[in-house]
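Taking it in order: structure first as structure tokens, then the write-up.
Reminder, nothing fancy here: chain letters follow the sequence lines and each chain counts from 1.
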Number of protein chains: 2
Amino acid sequence: MLKYQQIANEIQQDIEKDDLQQGTKLPVLETFMTEYKTSKSTVIKALSLLERKGLVYQVRGSGIFVRRRSRKGYISFSNQGFSDELSEFDITAKVMELDIRKPPEDVAFNLKINPEEDVYYVKRIRYINGQTLCLEESYYNKSIVTYLNIEIATGSIFDYISNALGAKIGFSDLYLHIQKLDQEEAQQLQLKKGDPKLFVETIFYLNNGSPFDFSKVTYNYQQSQFFFQSTGHSL
Amino acid sequence: MLKYQQIANEIQQDIEKDDLQQGTKLPVLETFMTEYKTSKSTVIKALSLLERKGLVYQVRGSGIFVRRRSRKGYISFSNQGFSDELSEFDITAKVMELDIRKPPEDVAFNLKINPEEDVYYVKRIRYINGQTLCLEESYYNKSIVTYLNIEIATGSIFDYISNALGAKIGFSDLYLHIQKLDQEEAQQLQLKKGDPKLFVETIFYLNNGSPFDFSKVTYNYQQSQFFFQSTGHSL
DNA sequence: CATTATAATTATACCGTTATAATTCATCAA
DNA sequence: TTGATGAATTATAACGGTATAATTATAATG
């Protein structure tokens with residue numbers, strides 16, 4: 001692991017271990033430099049990483065402070081789709097369908113492939129703490145995700161892609177809509193037709209910019225509590 | 001303006017001016033170094049900024065490539081709340097209420113003040129292209145936002161806070177819920193009771209970590225098309 | 001006591017360099 | 001043609017330094 005990531009991890013663990021409260025001031029840069037026997041720029045990189053992850057904020061001339069979320073029970077809505085840190089929840093999945101097929105037009109477009117090329121189609125229902133969380137339909141470019149089975153799809157497909165296939169997941173585009181459930185969706189989510197839903201289309205890219213997964217997810221509004229941290233800075 | 005921000009701006013303008021397509025390769029670092037007469041690290045900072053803004057992606061050993069969103073008509077959901085680049089839409093606001101009052105308990109809690117301290121309360125309806133976009137109730141810590149009036153609240157309150165008050169806006173926490181409209185909200189948004197809504201509570205902080213604005217926003221589901229880019233990296 | 005000026009602290013910008021890792025491209029062999 | 005090998009390209013990691021800007025603490029001033 002890279003040095004600055006390692007340092008970031010250790011600082012994060014310290015924050016969590018000591019349960020440091022919002023606004024707690026961390027040691028100054030010099031201290032981290034000597035503690036980790038490294039250069040200033042590496043410490044800065046580590047802290048910038050933690051800042052992007054929403055764990056600290058830095059104030060020039062003043063110091064580095066702990067940033068904490070104040071509410072529990074929200075699904076974090078950050079870098080890796082939603083998959084980040086769902087470990088605090090009990091998430092399971094049931095695979096409804098899994099096959100190889102030709103993609104519909106919109107899927108082919110978003111995956112930037114021809115409609116004749118094969119894709120894996122996976123339909124799952126995901127549960128959170130025993131309740132239906134969402135209905136998920138995913139299409140994987142088969143020339144990238146060369147193999148899938150039910151066992152893999154029951155677990156984390158992304159872990160499989162990263163670890164077994166050795167592909168590097170890069171970034172993603174999310175498109176969010178608020179809509180009403182239709183009859184079929186309502187039935188599968190154990191809700192009523194016309195109930196609210198959060199509908200999310202996501203395109204996942206490898207780190208080289210190739211889209212490999214296009215997915216459409218319908219969330220149960222009763223479980224739809226999401227948390228998102230912005231970090232300002234730019235502009 | 002800082003050098004690396006300036007460079008980032010110019011590269012961004014070049015991308016937009018030339019309407020570079022997704023995947024277009026940008027010049028190599030060396031080129032930018034000589035073009036902008038600066039060091040490698042400054043160019044890297046500029047490009048990292050553009051990467052966080054979702055405009056480019058970098059592939060080690062390969063190059064720097066243009067990243068473009070593929071859909072129009074979505075409200076960007078990025079750093080500065082929603083306010084970023086709403087310039088592509090015609091957004092207006094009507095102020096329904098504006099007064100100084102004592103905060104309810106949840107507001108005092110989120111703004112980290114005592115219930116006896118004054119806050120500015122602003123209720124607005126915001127319109128997008130003539131349609132109701134959302135219903136917004138905001139509470140501003142009066143010891144930070146010392147003055148507000150209807151004229152200011154009709155425009156961008158954040159611009160006013162940044163420019164007139166000279167405060168530096170830092171980061172924010174967003175909590176998202178999908179719910180059903182009640183009678184009153186439905187009426188104000190010209191929708192029906194029971195229709196879906198996106199309900200967002202946001203706490204905005206200054207760059208020194210002080211919360212100055214707590215707001216509750218109810219979005220019209222018919223206008224609720226949001227776009228969000230993740231950048232991976234971390235873990 | 002309040003206000004103002006000054007100094008100390010602290011994070012950030014920026015420079016320039018070396019080393020490293022991923023990718024791409026050219027070369028060669030089978 | 002295919003595959004393997006190695007070289008060139010390219011972004012990134014990491015070092016360490018100087019200069020700068022924001023904040024905070026301290027001292028001086030009225």
Summary of protein contacts for nucleotides 3-8 of chain D, nucleotide by nucleotide, where a base hit scores B, a sugar-phosphate-only hit scores S (4.0 Å, heavy atoms): ------
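The pair B/Arg67-A/Asp173 meets the salt-bridge criterion, since a charged nitrogen lies less than 4.0 angstrom from a carboxylate oxygen.
Between A/Tyr4 and the phosphate of D/dA13, there is a side-chain N or O to OP1/OP2 separation shorter than 4.0 Å.
The stretch residues 37-45 of chain A touches DNA chain D through A/Thr38, A/Ser39, A/Ser41, A/Thr42, A/Lys45, each having a heavy atom within less than 4.0 Å of the strand.
Within the structure, salt bridge (charged side-chain N to carboxylate O under 4.0 Å, His left out) contacts touching residues 14-34 of chain B (residues at least two apart or in different chains) are B/Asp19-B/Arg68. Among residues at least two apart or in separate chains, there is no ring pair (Phe, Tyr, Trp, His ring centres under 6.0 Å) pair with a member in residues 9-44 of chain B. Under the salt bridge (charged side-chain N to carboxylate O under 4.0 Å, His left out) criterion, the residue pairs touching residues 102-112 of chain A are A/Lys102-A/Asp118, A/Asp106-A/Lys216, with sequence neighbours excluded.
The ring pair (Phe, Tyr, Trp, His ring centres under 6.0 Å) search around A/Tyr121 returns A/Tyr139, not counting sequence neighbours. For B/Thr146, the side chain to side chain contact (heavy atoms under 4.5 Å, CB included) partners at least two apart in sequence or on another chain are B/Leu165. Every residue meeting the side-chain hydrogen bond (donor to acceptor under 3.5 Å, both in side chains) condition with A/Asn149, not counting sequence neighbours, appears here in chain and number order: A/Tyr147. Among residues two or more places apart in sequence or in another chain, the ring pair (Phe, Tyr, Trp, His ring centres under 6.0 Å) test is passed with B/Tyr140 by none. Every side-chain hydrogen bond (donor to acceptor under 3.5 Å, both in side chains) that B/Tyr175 has, sequence neighbours left out, goes to A/Ser70. In this structure, the side chain to side chain contact (heavy atoms under 4.5 Å, CB included) partners of A/Ser156, at least two apart in sequence or on a different chain, are A/Phe158, A/Asp159.
Residue contacts shown for A/Leu2 are limited to sugar-phosphate atoms, with no base heavy atom under 4.0 Å away.
Going from atom CG of A/Leu29 over to atom C1' of D/dG16 covers 14 Å, rounded to whole Å. Distance, A/Gln58 CD to C/dT9 C1': 16 Å, rounded to whole Å. The distance between atom CG of A/Leu47 and atom P of D/dA14, rounded to the nearest whole Å, is 14 Å. Rounded to an integer number of Å, the gap from A/Lys3 NZ to C/dT20 P is 13 Å. Between the CD1 atom of A/Ile64 and the P atom of C/dT9 there is a distance of 16 Å, given to the nearest Å. In this structure, A/Gln6 atom CD and D/dA14 atom P are separated by 11 Å, rounded to whole Å. Per the geometry, CE belonging to A/Met33 stands 8 Å off C1' belonging to D/dG16, to the nearest Å. For the pair A/Glu30 CD and C/dA8 C1', the computed distance is 14 Å after rounding to whole Å.
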Could you list all N or O pairs between the protein and nucleotides 21-26 of chain C that sit under 3.5 Å apart?
{"from": "C/dA21", "atom 1": "O4'", "to": "B/Arg60", "atom 2": "NH2", "distance (Å)": "2.9"}

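The nearest heavy atom of DNA chain D to A/Met1 and to B/Val28 marks one nucleotide each, and the one closer to the 5' end goes with B/Val28.
Between B/Tyr219 and B/Phe226, the two ring planes are perpendicular [angle over 60°; tilted spans 30° to 60°].
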